[in-house]
Novice: 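Provided herewith is a single structure, encoded as structure tokens, for subsequent inquiry.
This is a predicted model, so every value here is computed, not measured. Atoms within each ligand, like the ligands themselves, are counted from 1 in listed order.
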Amino acid sequence: MAGVLTEKIKDLKQQFRLSASQIIDIATKFESEMVAGLASHGSLKMLRTFMQKPGGKETGTFITIDFGGTNIRLQLVNLLGKGRYEIIRQQSFLLKHPYGAYDYTSQEAAAEDLFDFIAVQIGELAEQGQTYPLGLTFSFPCRQLEANRAVLISWTKEFKTSGVEGQEITGLLEKALAKRGLSQVIPAAIINDTTGTLLAASYGNPHADIGSICGTGHNTCYLEPMEPATRVPMMINMESGNFNKFPLTTYDQALDRASEKPGEQLLEKAVSGRYIGEVARLILQDMTQARLLFQANPPGFVANINSITAGDLAQILADDTQDLTRISHLLKTNGNILILTTEELKALKTIASLVATRSARLVAATYIGILRHIDPGLTQQHVIGVDGSLFEKMPGYRTMVQEVLQEIYQDKADRISLVLTKDGSGVGAAIAAATCAGRR
Ligand code: BGC
């Protein structure tokens, strides 16, 4: 039995490990897709943002909305210039009630319900008689018409709200604000969260030219030295979660088939927090069916879609006890599994590690693709601002991304800094609003 389990783990390692030469191959393909995307073909949408690097002199008070997942965050942000800011007030609310009382992300909810709900919350933050420029971070693929007008191309991250795809988002919000008598709140900019992260990273650091999210979703934005239509430098939201030129395992294929939008967002489905727990669950399901794990009593959760989260993987990876007692405890409390052999516990940790490591290495490969495009000889300093729960909380994630940069660039790797950029969606949106409201 132990032998068969060892063989299976070996096979999984083969499927999930990415060698340095595979990384280079993926980076090369990524770079070609960038070039193709700028010419409007291929898997990368390469969306214009109308944003350039901030000058650092943007100041003022702004309302910002961070709309990128089921938890929406509103902030009142005061920009003080040169990278300094303060968050005066903030509040969060859920689009999906934990016990099912409402769900504004479901197909049954209409655009109007969703934006009315958001406007009510804005009403609680805005003071009467005061005018607020608003920066909206809307973290889904949008075709930007101008700095404060953007059309949702398609939902991602399993959102399904009706009547939003194909619509101009700021207009929907303005209508809802007007209904509540909130015309003193004026949408000045709409940006993607990756753009917000890049704006926030470059507010205080002139070397920042890449902004990325490794959280529930995944995507990256960079400063294109020459945007083809305008022929000036412009931040480009790549929608890199849709990249698809990398090796897929049978588990990725199964996950994709069962998803809301099969064939789309394949990179995001292999790397992001919304999906990697499910990749691990599909592996466990396969191993349970082959009677390699949980033989005595297969637990119910193994058969239940989305029953493992990225947070569970983080807990598994954080267990560095010799007997993996924390993993045992987790399984006892969450899965009612009382007995597991040391081999089985080790196998669980290996699975979590393979999935998380592949995520970090794939993400790093895309960063290398971008760096090759903007600075082929890596002669400059680059700051990559990254936000998101995976980057911040998955044990070892950031180090693994860094290691790939080291493997590929060797002694030049110190020209690249990976910087955790918190609050990109709030501060970045305020900077965008300041730029557009002409407060430079
Ligand atoms: C969206 C991107 C977003 C990313 C991170 C993806 O699902 O398509 O627009 O930047 O999630 O939030």
Novice: Could you list the residues that satisfy ring-ring contact (aromatic ring centres under 6.0 Å, His included) with F93, not counting sequence neighbours?
Specialist: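 By the ring-ring contact (aromatic ring centres under 6.0 Å, His included) rule, F93 matches F117.
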
Novice: If a pair satisfies side chain to side chain donor-acceptor pair (under 3.5 Å) and one of its residues is in residues 164-174, list it, with sequence neighbours excluded.
Specialist: R149-E168, R149-E174, E165-K261, E168-T170

Novice: Do T216 and K157 pair up side chain to side chain, a donor and an acceptor below 3.5 Å, judged on atom types alone?
Specialist: no

Novice: Applying side chain to side chain donor-acceptor pair (under 3.5 Å), which residue pairs with at least one partner in residues 366-376 are found, sequence neighbours left out?
Specialist: T28-R372, S212-Y367, E224-H373, D375-T379, D375-H382

Novice: Using a cut-off of under 3.5 Å, which N/O atoms of ligand 1 pair up with protein N/O atoms, and what distance separates each pair?
Specialist:
unit_1, atom_1, unit_2, atom_2, d
ligand 1, 7 (O), T156, OG1, 2.8
ligand 1, 7 (O), E268, OE1, 3.1
ligand 1, 7 (O), E268, OE2, 2.6
ligand 1, 8 (O), T156, OG1, 3.2
ligand 1, 8 (O), E239, OE1, 2.7
ligand 1, 9 (O), S139, O, 3.4
ligand 1, 9 (O), F140, N, 3.4
ligand 1, 9 (O), N192, ND2, 2.7
ligand 1, 9 (O), E239, OE1, 3.4
ligand 1, 9 (O), E239, OE2, 2.6
ligand 1, 10 (O), N192, OD1, 3.0
ligand 1, 10 (O), N192, ND2, 3.4
ligand 1, 10 (O), D193, OD1, 2.6
ligand 1, 10 (O), N219, ND2, 3.0
ligand 1, 11 (O), K157, NZ, 3.1
ligand 1, 11 (O), E268, OE2, 3.3
ligand 1, 12 (O), K157, NZ, 2.8
ligand 1, 12 (O), D193, OD2, 2.6

Novice: With L418 as reference, evaluate I210, L405, V383 under the side chain to side chain contact (heavy atoms under 4.5 Å, CB included) test and give the passing residue.
Specialist: L405

Novice: Name the orientation class of the two ring planes belonging to W155 and F140 (parallel below 30°, tilted from 30 to 60°, perpendicular beyond 60°).
Specialist: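 Because their plane-to-plane angle is over 60°, the rings of W155 and F140 count as perpendicular.
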
